[in-house]
Amino acid sequence: MRSLCCSSLRPDLNRLDRRISRQPPSHRRQRLPDRPRLVIATGNTGKLREYRDLLAEAGLDLVAFDTEIDEVGETYAENARLKAEAARERSGLPSLGDDSGLEVDALDGFPGIRSARLGPSQKERTAELLQRLQGVPRPWNARFVCVIALAVPGRDTQLFEGECRGEVVPEWRGEAGFGYDPIFLVPGTGKTFGEMPPEEKRKYSHRARAARRLLEAGALKRL
Ligand code: ITT
């Protein structure tokens, strides 16, 4: 195989630079090499925002696609797989699905995989959860769980899990994040996820931990 050294490539790159800089901006954009695409199979804009941040280092073009499939699985893994594989079948592209939820110990893990279905709006879902906890002695220990499924054409689907333990609190604190973030207190920080900017939430979150496992496994390197 012929090997190319950097200095022999440089004159060509310089010529290319000059050609590009003479062209109008729209042509310049077209000449950039395409980045591999990864479909994020979600209709949740909060999740999508987090994946744009968590996977930034992978150098991929993230495309959002809501499969709107029925989440008929009995585990996070089954539902994550359903989302990822539906997106892969419909797009023909590598696809990532995420199923996640909040589990409260005193409610035997409720709402868990039903976290998105406790009510018509997130405000009502949060109020419903707090209603169910009325009269239950505190602390209301809980954990967030996230399972990521990566479905790549021609490969077996891979699963990555992350969790974050904490405590549900009765008062709504902060407006950052999404979902149950304002009532989830992270031990040792004195803050709920709702009070944390994204760069702080990613130090602790279930989704960040699952995404780190996905990146560390090298699963996004050969898309
Ligand atoms: P997609 O299925 O389209 O991805 P969804 O919101 O329906 O969106 P899930 O079925 O995985 O997603 O439901 C997860 C629910 O759990 C979500 O709607 C939130 O209420 C809650 N949740 C998950 N991760 C969360 C997080 O990081 N912060 C707060 N709440 C979260």
Side-chain angles (χ1 to χ4, degrees), residues 38-55 62-88 90-91 95-104 107 109-130 132 142-151 159-169 172-186 189 191-212:
L38 175 67
V39 175
I40 305 294
T42 186
N44 181 322
T45 51
K47 278 188 192 179
L48 180 64
R49 215 178 311 119
E50 292 191 2
Y51 280 114
R52 288 204 186 285
D53 173 40
L54 294 170
L55 302 181
L62 302 192
V63 187
F65 177 53
D66 186 3
T67 60
E68 294 183 337
I69 51 133
D70 289 333
E71 296 183 24
V72 293
E74 287 178 8
T75 62
Y76 298 107
E78 283 172 24
N79 283 333
R81 179 189 289 273
L82 285 173
K83 295 178 206 183
E85 293 183 351
R88 179 189 62 189
R90 281 152 70 179
S91 67
S95 302
L96 179 155
D98 153 334
D99 202 53
S100 42
L102 176 61
E103 300 181 350
V104 182
L107 300 178
F110 185 85
I113 62 167
R114 287 176 292 281
S115 294
R117 298 170 234 158
L118 268 195
S121 69
Q122 185 59 48
K123 205 172 163 190
E124 287 156 291
R125 294 193 272 274
T126 303
E128 171 66 22
L129 178 60
L130 292 177
R132 290 185 187 225
R143 67 170 192 152
F144 266 123
V145 182
C146 172
V147 175
I148 291 174
L150 179 70
L159 298 169
F160 304 89
E161 180 166 348
E163 76 157 9
C164 173
R165 292 210 63 88
E167 184 188 333
V168 170
V169 289
W172 303 41
R173 291 168 42 179
E175 289 175 1
F178 69 99
Y180 300 92
D181 281 345
I183 60 161
F184 188 81
L185 184 72
V186 182
T189 68
K191 291 185 194 173
T192 66
F193 273 156
E195 294 172 306
M196 293 184 185
E199 61 275 16
E200 192 174 2
K201 181 179 174 184
R202 69 179 287 177
K203 284 194 208 159
Y204 308 98
S205 96
H206 48 310
R207 184 162 297 102
R209 287 177 177 151
R212 207 169 302 134

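Here the structure is a predicted model, which is why all the values come from computation and not from measurement. Counting starts at 1 for both ligands and their atoms, in listed order.
- The ligand atoms of ligand 1 that sit less than 4.0 angstrom from a heavy atom of Asp181 are 26 (C), 28 (N), 29 (C).
- Of the protein's non-hydrogen atoms, the one nearest atom 3 (O) of ligand 1 is Gly43 N, 2.8 Å.
- Less than 4.0 angstrom separates some heavy atom of His206 from each of these atoms of ligand 1: 24 (N), 25 (C), 26 (C), 27 (O).
- Considering only residues two or more places apart in sequence or on other chains, Arg212 meets the side chain to side chain donor-acceptor pair (under 3.5 Å) condition with none of them.
- Taking a 4.0 Å cut-off on heavy atoms, Lys83 registers as neighbouring ligand 1.
- Of the heavy atoms in Phe178, both backbone and side-chain atoms come closer than 4.0 Å to ligand 1.
- A distance-only check finds no donor-acceptor pair linking the side chain of Asp70 to the backbone of Val72 [under 3.5 Å].
- Among all non-hydrogen protein atoms, the one lying nearest atom 14 (C) of ligand 1 is Ser100 O, 3.1 Å.
- At least one N/O-N/O distance between Arg207 and ligand 1 falls below 3.5 Å.
- Considering only non-hydrogen protein atoms, atom 16 (O) of ligand 1 sits nearest to Ser115 CB, 3.4 Å.
- Thr67 contributes no side-chain N or O that, together with a main-chain N or O of Ala86, makes up a donor-acceptor pair within less than 3.5 Å.
- Shown here is Glu175, whose CD atom has no more than 12 heavy atoms of other residues, nucleotides or ligands within 6.0 Å.
- Remark: minimum distance from atom 1 (P) of ligand 1 to any protein heavy atom is reached at Thr42 OG1, 3.4 Å.
- Below 30°, between 30° and 60°, or above 60°: for His206 and Phe144 the angle between ring planes is below 30°, a parallel geometry.
- Looking only at side-chain heavy atoms (C-beta outward), Thr189 and Lys203 stay at 4.5 Å or farther from each other.
- Counting only heavy atoms of the protein, atom 8 (O) of ligand 1 lies nearest to Asn44 CB, 3.5 Å.
- The two residues Ala84 and Ser95 make their nearest non-hydrogen contact at O-CB, 3.4 Å.
- Any N or O atom pair closer than 3.5 Å counts here, and Tyr180 shares at least one such pair with ligand 1.
- Each of the atoms 26 (C), 27 (O), 28 (N) of ligand 1 lies under 4.0 Å from some heavy atom of Lys201.
- At a 3.5 angstrom cut-off on N or O pairs, Asp66 does not count as close to ligand 1.
- In this structure, atom 12 (O) of ligand 1 lies nearest to the protein heavy atom Lys47 NZ, 2.9 Å.
- Of the N and O atoms on the side chains of Asp98 and Ser100, at least one donor lies less than 3.5 Å from an acceptor on the other residue.
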- Item | Audit row: Asp99, Leu82, side chain to side chain contact (heavy atoms under 4.5 Å, CB included) steps and yes/no | CA-CA 10 Å; Asp99 202 53; Leu82 285 173; over 6 Å; no
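- For atom 10 (O) of ligand 1, the closest non-hydrogen atom of the protein is Glu71 OE1, 2.9 Å.
- Partner of Phe193 under the ring-ring contact (aromatic ring centres under 6.0 Å, His included) criterion, chosen from Trp172, Tyr180, Phe178, Phe184: Phe184.
- Of all protein heavy atoms, the one closest to atom 18 (O) of ligand 1 is Ala116 CB, 3.6 Å.
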